[in-house]
Amino acid sequence: MQWFLTLGVGRPVGVVSVTGTRKGFFAPGTEFPERIEIHQRWSGPTESDGERYRWEMLFTAADLPQGIGVALEQWTAYHKRHGAVLSCYFSTLFNRHLYSNHEFLFLAHALELYHQLNFNGAHQDSGTFSARLDKIVACVPEEADWLRQRLAGANRKTLADRLTELLTTKASLFGDFIEAPNQFIARIKDTRNYYTHYDDSLRRNGRVAEGVELLKLTNQMRGVLEVCFLSDLGAPTSAVKKVLRDDRTYIPAP
């Protein structure tokens with residue numbers, strides 16, 4: 001519930017309590033649906049959080065064509081399948097203490113997981129790849145074990161492959177939100193590799209996003225995920241357009 005409301009409002013929402021009834025379940029000995037209550041601690045908003053007006057939100061209950069009940073049912077099913085992706089995404093919203101590189105890594109992982117769940121993560125089917133590997137190993141039998149070990153993951157698509165497929169497939173949704181997709185993908189790939197393995201040659205060669213560029217890149221990645229979530233859930237077009245607004249991208253103060 002908290003994550004669903006946060007997605008709609010466009011920033012972290014504190015759910016103190018939820019009261020309702022469980023659809024289709026009747027308490028023993030009664031003719032009425034079972035009443036349920038959910039309570040949660042909330043530390044409260046920060047001083048910088050003011051009131052969020054409805055036109056600032058990505059969507060409201062009134063925007064949901066089939067109503068809030070159906071939307072929550074869809075969200076429950078979506079959360080069950082995409083829980084790992086959503087966990088990475090919402091971790092960046094509810095943990096404001098994260099360093100910028102850690103926030104970036106969470107979102108990069110979320111994008112990779114999203115692709116894994118919704119696309120084919122392999123270049124070839126397992127049978128074709130296995131036959132190809134056998135053919136390669138047969139050429140150098142004395143190094144068979146080493147070759148099999150080193151090439152075991154060669155059939156899996158890289159982060160760059162996954163991002164390319166994701167952006168290409170959903171290009172109609174993003175419009176010109178990502179001005180230079182190839183550059184965007186390369187920047188994510190190199191920056192992820194740097195903050196994972198700390199290969200300083202990447203940084204020396206200017207291939208790592210840092211400072212304001214890292215913040216902008218991170219916000220673009222968040223936008224890509226939000227568009228995917230909203231599109232999957234059948235949210236109104238107006239919600240997707242709000243994600244892609246220029247004023248939601250980090251711009252440094254003059």
Side-chain angles (χ1 to χ4, degrees), residues 7 10 58-59 78 81-82 84-86 88-93 98 100-124 153-197 199 201-252:
L7 182 64
L58 297 185
F59 62 85
Y78 194 76
R81 174 172 171 76
H82 293 82
V85 181
L86 296 170
C88 289
Y89 166 79
F90 283 106
S91 291
T92 68
L93 296 182
L98 286 174
S100 57
N101 61 307
H102 293 158
E103 185 176 5
F104 166 86
L105 287 172
F106 270 119
L107 293 175
H109 189 43
L111 285 167
E112 193 165 27
L113 285 171
Y114 180 86
H115 179 280
Q116 181 66 29
L117 290 172
N118 295 280
F119 295 83
N120 186 350
H123 290 289
Q124 299 176 311
N155 195 35
R156 297 183 63 81
K157 293 176 181 176
T158 65
L159 176 61
D161 293 331
R162 295 173 188 274
L163 291 174
T164 298
E165 188 171 13
L166 175 59
L167 293 180
T168 300
T169 303
K170 296 183 178 290
S172 61
L173 294 173
F174 296 117
D176 58 359
F177 179 63
I178 306 297
E179 295 179 357
N182 291 338
Q183 182 180 344
F184 175 72
I185 292 167
R187 213 60 171 167
I188 293 176
K189 178 197 70 173
D190 290 337
T191 303
R192 196 282 299 267
N193 288 343
Y194 174 74
Y195 284 118
T196 301
H197 306 292
D199 179 357
S201 65
L202 292 171
R203 194 173 190 177
R204 290 197 306 270
N205 292 326
R207 294 165 58 184
V208 179
E210 299 181 273
V212 171
E213 184 190 2
L214 179 60
L215 293 174
K216 182 177 180 179
L217 183 65
T218 299
N219 274 281
Q220 288 177 312
M221 294 162 66
R222 182 179 291 111
V224 169
L225 284 165
E226 289 172 347
V227 168
C228 289
F229 297 158
L230 293 171
S231 174
D232 293 345
L233 292 165
T237 304
S238 58
V240 175
K241 289 182 177 179
K242 288 180 181 179
V243 172
L244 306 179
R245 287 187 325 219
D246 289 340
D247 60 359
R248 295 192 79 236
T249 300
Y250 175 85
I251 301 176

**Request:** I would like to know whether Leu230 and Leu7 meet side-chain contact (heavy atoms from CB on, under 4.5 Å); could you show each step before the answer?
**Result:** CA-CA 9 Å; Leu230 293 171; Leu7 182 64; 4.1 Å; yes

**Request:** List the steps and the verdict of side-chain contact (heavy atoms from CB on, under 4.5 Å) for Leu111 and His115.
**Result:** CA-CA 6 Å; Leu111 285 167; His115 179 280; over 6 Å; no

**Request:** Take His82 and Asn118, measure what side-chain contact (heavy atoms from CB on, under 4.5 Å) needs, and give me the verdict at the end.
**Result:** CA-CA 10 Å; His82 293 82; Asn118 295 280; 3.2 Å; yes

**Request:** Please test Met221 against Phe184 for side-chain contact (heavy atoms from CB on, under 4.5 Å), starting from the C-alpha separation and ending with a verdict.
**Result:** CA-CA 9 Å; Met221 294 162 66; Phe184 175 72; 4.1 Å; yes

**Item:** Chi angles and distances behind the side chain to side chain donor-acceptor pair (under 3.5 Å) call for Thr158, Asp161
**Value:** CA-CA 5 Å; Thr158 65; Asp161 293 331; 3.0 Å; yes

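Counting non-hydrogen atoms of other residues, nucleotides and ligands closer than 6.0 Å to OH of Tyr195 gives a total above 12. Applying the 6.0 Å contact sphere to CG of Asp176 captures no more than 12 heavy atoms from other residues, nucleotides or ligands.
Not one N or O on the side chain of Lys241 forms a donor-acceptor pair closer than 3.5 Å with the backbone of Pro236. Between the Asn155 side chain and the Gln124 main chain, a donor and an acceptor come within less than 3.5 Å of each other. Without hydrogens or angle criteria, Arg162 side chain to Lys157 main chain gives a donor-acceptor distance under 3.5 Å. Judged by distance alone, the side chain of Asp199 and the main-chain N or O of Ser201 form a donor-acceptor pair under 3.5 Å.
Nearest heavy atoms, Gln220 versus Phe177: O-CE2, 3.6 Å. Scanning both residues, Ala110 and Leu225, for their nearest heavy atoms gives CB-CD1, 3.7 Å. The minimum heavy-atom distance linking Arg192 with Ala108 is given by the pair CG-CB, 4.0 Å. Closest approach of Lys189 to Leu159, counting heavy atoms only: CA-CD2, 4.2 Å. Across every non-hydrogen atom of Cys228 and Lys170, the tightest pair is SG-CD, 3.6 Å. Of all heavy-atom pairs spanning Cys88 and His109, the tightest one is SG-CD2, 3.5 Å.
Leu214 is not listed as a side-chain neighbour of Val208, based on a closest heavy-atom distance of 4.5 Å or more. Counting heavy atoms from C-beta on, the side chains of Leu215 and Phe104 never come closer than 4.5 Å. For the pair Gln116/Arg156, a side-chain contact is recorded, criterion being any heavy-atom separation below 4.5 Å from C-beta on. Contact check for Asn101 versus Tyr194: no side-chain heavy atoms found under the 4.5 Å cut-off.
The CG atom of Leu107 lies 4.5 Å from the OG1 atom of Thr92; values are rounded to the nearest 0.5 Å. Rounding to the nearest 0.5 Å places CG of Leu217 at 8.5 Å from CZ of Arg187. A distance of 11.0 Å separates CG of Asn182 from CG of Leu163, quoted to the nearest 0.5 Å. Once rounded to the nearest 0.5 Å, the distance linking OG1 of Thr164 with CD1 of Ile185 reads 3.5 Å.
Taking the six-membered ring wherever Trp is involved, the centroid distance between the rings of Tyr89 and Tyr114 does not fall below 6.0 Å.
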